[in-house]
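Worksheet for the structure shown next.
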Amino acid sequence: MTDKPSDTTSRKIALETLTVQALGHVDEVTRAVVPPVHASTTYERDPDGGYRSGRAYTRPHNPTYDAPEQLLATLEGGAECLLFSSGMAAGTAVFQSLLPGDHVVASRVMYYAYRTWLVDFGMSWGLDVEFVDTTKPNELANAMRPGKTKLVFIDTPANPTWSITDIRAAAEITHAARARLVVDNTVATPVFTRPLELGADLVVHSASKYLNGHSDVLMGAVVGAVKDSFWHRIRAWRRDAGAVPGPFEAWLLLRGMRTLFLRVHRAAETALRIAEHFDRHPHVASVLYPGLAKHPGYAVAADQMFGGYGGMLSIRHRDGEAAAIATAANVEVFKRATSLGGVESMIEHRASIEGASSPVPRDLLRLSIGIEKPEDLISDLEQALDKAALCSATT
Ligand SMILES: *Cc1c(COP(=O)(O)O)cnc(C)c1O
């Protein structure tokens, strides 16, 4: 067990400071500044048969989850946080806590594995799933079926066009139909957007991305604004379905989260520089980044993102798919890899990873900007675009 977080009632301590110090917890037994990993799967029972520690078995009760869960709940301004074994386990736990026949409205542009799961499993298990363009509040409003619609699921900025959904407007529309709004906040992170403050009911994360930040942990999280009956159902689902992280992974997550603010501010500053630089590049048809004034979501992003527009952007190659793939083939600093939110920058030809059903334009390259020296990233992309142009000119 750990001490209470440092008293923040008398003086307002910034979230950034609280994050660096992981809420200031110190281990009660050893005074260790870094909490221990609790590997034990089981806890001793009292002679009278009770569990005075409140813990019986690791699946519902591993204490290594406590610090990262409390930190993420604080960052998101939520009542409670639950860690899961992956982002997919977290998001699908929310869907699986619904009942057959429940109507779910989701963004048409969204993280592709959620879209695939909703179509392949959510629908066959009886959810009535409808995809709409949630960047248009009137489309969302038209999709609502009061009494039937139980959940609206949005992703903003959404992969891989970084389209922006107005969270405040979506919350009003969702609540008018007495449904719950879930926001996947993986890309924005609570550094830039706190959906619960804008009216959302639940936030889901792939903690594998910015929260951990080092491309070495697979984890997910759900944060609830209130501990209502639906929240308790999600908590029971985690306990009973068992998609919980290992204790060492939970420990690594807390270690990664301490530098969240530094990492995402740096990534977003560099992403904006790269977006502006390549926006006028002769081989680039367009740059998709919500921090560019010409991006269709710019005004809403400027309103609901505080201090940056994130580290993700996409570029569409003027000469089409082959030139885009050749560009990715010629990078030397960027890593040719999927995923996002690591300290190392990554580039990928997105349509080929999403497969045949992907709605992603074939000429699109998705960039996850890391924290390297910005000039190295810019010159790497410059030379890769030039080499790709040379290839297509000679073939
Ligand atoms: C990666 C990702 C997920 C899935 O998370 P995993 O940890 O890979 O299971 C969900 N949503 C978004 C936006 C993601 O980028």
Side-chain angles (χ1 to χ4, degrees), residues 68 72 76 81-96 106-122 131 134-135 151 153-165 167 182-193 195 200 202-223 238 241-246 249-250 252-253 256-257 260 263-264 267 271 288 290 297 305 309-314 337-342 345-348 350 353-354 358-360 364 366-370:
L72 189 53
E76 291 287 5
C81 168
L82 290 167
L83 294 181
F84 285 83
S85 55
S86 69
M88 289 308 297
T92 56
V94 176
F95 295 127
Q96 283 165 317
S107 299
R108 192 169 290 138
V109 175
M110 75 186 308
Y111 180 67
Y112 83 114
Y114 279 139
R115 192 175 62 231
T116 308
W117 187 91
L118 281 168
V119 171
D120 291 349
F121 297 101
F131 295 99
T134 56
T135 67
L151 206 75
F153 192 97
I154 62 173
D155 198 357
T156 182
N159 236 307
T161 56
W162 318 112
S163 62
I164 301 289
T165 293
I167 298 172
V182 186
V183 179
D184 184 334
N185 202 28
T186 301
V187 171
T189 81
V191 173
F192 295 137
T193 306
L202 295 156
V203 164
V204 298
H205 273 283
S206 169
S208 323
K209 313 296 170 54
Y210 290 102
L211 293 178
N212 178 64
H214 294 76
S215 309
D216 54 10
V217 167
L218 184 75
M219 207 178 303
V222 185
V223 183
R238 183 181 74 159
V244 293
E249 280 68 26
L252 275 176
L253 173 65
M257 279 175 77
L260 177 72
R263 289 185 285 101
V264 303
L288 309 177
M305 300 185 80
Y309 298 92
M312 297 302 299
L313 62 115
S314 297
T338 192
S339 195
L340 58 100
S345 295
M346 291 178 251
I347 186 167
E348 81 172 324
R350 190 67 195 167
I353 190 133
E354 292 197 10
S358 169
V360 173
L364 181 145
R366 189 181 87 169
L367 307 182
S368 169
I369 303 304

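Values in this document were obtained by computation on a predicted structure and should not be read as measured data. Counting starts at 1 for both ligands and their atoms, in listed order.
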Q. Measuring from the heavy atoms of His205, does anything fall under 4.0 Å of ligand 1?
A.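 No, that is not the case, since the closest heavy atom of the residue is not under 4.0 Å from the ligand.
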Q: Return a yes/no value for Val187: is any of its N or O atoms, backbone included, closer than 3.5 angstrom to an N or O of ligand 1?
A: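 Between Val187 and ligand 1 (N or O atoms, distance only) the closest approach is not under 3.5 Å.
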Q: May I ask you to check whether Ser208 has an N/O atom sitting below 3.5 Å from an N/O atom of ligand 1?
A: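 There is such a contact, yes.
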Identify, by atom number and element, the atoms of ligand 1 in contact range of [X], meaning under 4.0 Å from any of its heavy atoms.
X: Gly87; value: 5 (O), 6 (P), 7 (O), 9 (O)
X: Met219; value: 7 (O)
X: Ser86; value: 7 (O), 9 (O)

Q: Can you figure out which of Asp184, Thr156, Leu218 has its heavy atom closest to atom 13 (C) of ligand 1?
A: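 The residue whose heavy atom sits nearest atom 13 (C) of ligand 1 is Asp184.
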Counting only N and O atoms by type, is there a donor-acceptor contact under 3.5 Å from the side chain of [X] to the main-chain atoms of [Y]?
X: Ser368; Y: Leu340; result: no
X: Arg238; Y: Ala90; result: no
X: Arg350; Y: Thr338; result: no
X: Thr186; Y: Ser206; result: yes
X: Ser208; Y: Met219; result: yes

Q: Answer with side chain, backbone, both or neither: which part of Leu340 has a heavy atom less than 4.0 angstrom from an atom of ligand 1?
A: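 Within the 4.0 Å criterion, Leu340 contacts ligand 1 through side-chain atoms alone.
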Q: Pick one of side chain, backbone, both or neither for how Lys209 approaches ligand 1, counting any non-hydrogen atom pair under 4.0 Å.
A: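 The answer is the side chain.
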(Q) Between Glu354 and Arg115 (salt bridge meaning N to carboxylate O under 4.0 Å), is one present in this structure? (A)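 Looking at Glu354 and Arg115, the cut-off is met.
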**Q.** Closest protein heavy atom to atom 3 (C) of ligand 1, given as residue, atom name and distance to 0.1 Å
**A.**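 I find the closest protein heavy atom is Tyr111 CE2, 3.2 Å.
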(Q) Is it the case that the ring center of Phe95 lies less than 6.0 angstrom away from the ring center of Phe153? (A)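 Yes, they do, as the ring centres are separated by less than 6.0 Å.
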